[in-house]
Amino acid sequence: MIEVAGPQKYSALSIAIHWVVAICVVGLVPAGLLIPRLDEGPVQEAVSTTHQSVGILVLFLTLLRLALRVAGRMPKPSAVLTPFERAASRVTHFSLYALMIVGPVIGWLGVNAYGEDASFFGLFKLPTLFAKDEALSDQIFALHLACGILIVLAVVAHVAAAFVHNVRDDGVMERMLPGR
Ligand code: HEM
Ligand code: HEM
C-alpha cells in the first residue's frame, strides 16, 4: 500500500464534516420522498420539520467545508490518480458541493412559497425569501426533487469510485478515514 504523507490527508474536521453530511444526505432522500406520500397530520409534520432542519444543517456544513477548501485547508488530489480520474473526481466533487447548496436553498424557497418559514430544529427560523404562492411552491418542489435525483446519481458515482480505490488499496480511502 502507498503511504500517504501528512498534508495529503483530510483534517479531522473535514473528515468529521464529510461523514456527518454523508449520513444526513443518505437519510434526507427517502425522508423527503416520504413527505408528500404521508397523510397530513403530526407524523408528516414531524418528518417534514426534521427533513428541513437536517437539510439546513447540510447547507451550513457544506458552506463551512467550502470555506475550508477556499482557505486551502483541503489536501491536493491524490498523486495516484490518473489524469482522467482526477478530472472525474473534480467534476463529481464540484457537482456534490453545488447540489448540497442549491438543493437545500430550493427546499427553503419552496417552504416559503408554501406559506411557512424554514426552521432549524426549532432553534431559529431562516429569513422568509418568498411570499406565499402555492402554485409556485409546486414548481419549486419539482426542481427540489430533480436536485434530489441528481444528488443520488452523483453519490452513486462517488461511492463506486471510493469502492474501486478501496479494492485497489491505493491510499485514497485512507485520506477520508479517521486515524493515522
Ligand atoms: C460510503 C459512502 C462514501 C465514501 C466511502 C466516501 C469516500 C470519500 C473519499 C475517500 C473521499 C476523498 C477523495 C480524495 O481523496 O480525492 C471523499 C471526498 C468527498 N466526498 Fe465522499 N464518500 C462517501 C459518501 C459521500 C456522500 C454521501 C457525499 C455527499 C453527498 C460525499 C461528498 C464528498 C465530497 C464533496 C468530497 C470532496 C471533498 C473535497 O476534497 O473537497 N461523500 N469521499
Ligand atoms: C441536501 C439536502 C436535501 C435533500 C437531498 C433533499 C431531498 C428531498 C427529496 C428527494 C424530496 C422528495 C421530493 C418529492 O417527492 O417531490 C424532498 C422533499 C421535500 N424537501 Fe427536501 N432535501 C434537502 C433539503 C431540504 C431543505 C433544506 C428543506 C427546507 C428548508 C427541504 C424541504 C423539503 C420539503 C418541504 C419537501 C416535501 C415537498 C412536497 O411535499 O412535495 N428539503 N427533499
Side-chain angles (χ1 to χ4, degrees), residues 1-34 46-108 118-124 126 144 147-180:
M1 200 199 81
I2 294 168
E3 281 300 319
V4 180
Q8 274 293 313
K9 198 172 158 31
Y10 287 86
S11 67
L13 177 62
S14 302
I15 293 174
I17 295 175
H18 174 269
W19 291 110
V20 170
V21 167
I23 292 166
C24 290
V25 170
V26 169
L28 277 165
V29 174
L33 290 170
L34 206 59
V47 176
S48 182
T49 50
T50 308
H51 174 90
Q52 293 179 35
S53 302
V54 174
I56 294 167
L57 179 68
V58 168
L59 174 64
F60 289 157
L61 290 178
T62 303
L63 292 174
L64 172 60
R65 193 169 176 179
L66 202 58
L68 291 171
R69 175 154 277 299
V70 170
R73 301 272 299 277
M74 298 276 195
K76 293 202 164 57
S78 163
V80 302
L81 300 184
T82 64
F84 169 76
E85 288 169 345
R86 189 174 291 218
S89 71
R90 206 159 272 194
V91 170
T92 313
H93 292 168
F94 177 83
S95 309
L96 284 167
Y97 273 106
L99 290 164
M100 288 189 293
I101 293 171
V102 174
V105 169
I106 289 180
W108 169 10
S119 145
F120 184 69
F121 296 107
L123 296 174
F124 60 88
L126 294 185
H144 188 63
C147 285
I149 293 169
L150 290 176
I151 217 167
V152 168
L153 294 176
V155 167
V156 167
H158 177 69
V159 175
F163 179 76
V164 170
H165 288 296
N166 201 34
V167 170
R168 279 193 206 155
D169 201 10
D170 60 7
V172 172
M173 193 64 206
E174 280 74 4
R175 284 159 50 99
M176 200 47 106
L177 294 177
R180 277 192 303 142

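Basis for what follows: all heavy atoms, side chains included, without hydrogens, waters or symmetry-related copies.
R175 and K9 make their closest contact through O-CG, 3.6 Å (heavy atoms, listed as atom of the first residue, atom of the second, distance). Across L96 and A154, no two heavy atoms sit closer than the pair CD2-CB, 3.8 Å. Here the closest non-hydrogen pair linking A31 and V47 is O-CG1, 3.8 Å. Smallest separation of non-hydrogen atoms from F121 and S53: N-OG, 2.8 Å. Scanning all heavy atoms of the two residues, the minimum distance from I56 to S119 falls at CD1-O, 3.8 Å. Residue P77 comes nearest to R90 through the heavy atom pair CG-NH2, 3.7 Å, listed as atom of the first residue, atom of the second, then distance.
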Would you list the atom pairs, donor with acceptor, under 3.5 Å between side chains in residues 13-30 and any protein atom, with sequence neighbours excluded?
from, atom 1, to, atom 2, distance (Å)
S14, OG, S11, OG, 3.0
W19, NE1, M176, O, 2.7

Give the table of side-chain donor-acceptor pairs shorter than 3.5 Å for residues 60-75, with sequence neighbours excluded, one pair per line with atom names and distance.
from, atom 1, to, atom 2, distance (Å)
T62, OG1, V58, O, 2.7

Throw together a table of side-chain donor-acceptor distances under 3.5 angstrom for residues 81-89, partners on residues two or more places apart or in other chains.
from, atom 1, to, atom 2, distance (Å)
T82, OG1, E85, N, 3.1
E85, OE1, T82, N, 3.0
E85, OE2, R168, NH1, 3.1
E85, OE2, R168, NH2, 2.7
S89, OG, E85, O, 3.3
S89, OG, R86, O, 3.1

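With sequence neighbours excluded, no residue forms a ring pair (Phe, Tyr, Trp, His ring centres under 6.0 Å) with H165. Listed by chain and number, the residues in a ring pair (Phe, Tyr, Trp, His ring centres under 6.0 Å) with H158 are H93 (sequence neighbours excluded). V91 pairs by the side-chain contact (heavy atoms from CB on, under 4.5 Å) definition with S95, not counting sequence neighbours.
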task: For the pair L57 and F120, evaluate side chain to side chain contact (heavy atoms under 4.5 Å, CB included) and give the outcome as yes or no after the intermediate values.
output: CA-CA 8 Å; L57 179 68; F120 184 69; 3.9 Å; yes
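Taken to the nearest 0.5 Å, the OG1 atom of T92 stands 13.0 Å off from the OH atom of Y97. Put simply, CD1 on I149 and CG on L99 are 11.5 Å apart, with the number rounded to the nearest 0.5 Å. Taking SG from C147 and CD1 from I101, the interatomic distance works out to 11.5 Å, rounded to the nearest 0.5 Å.
No side-chain heavy atom of M173 sits under 4.5 Å from any side-chain heavy atom of V164.
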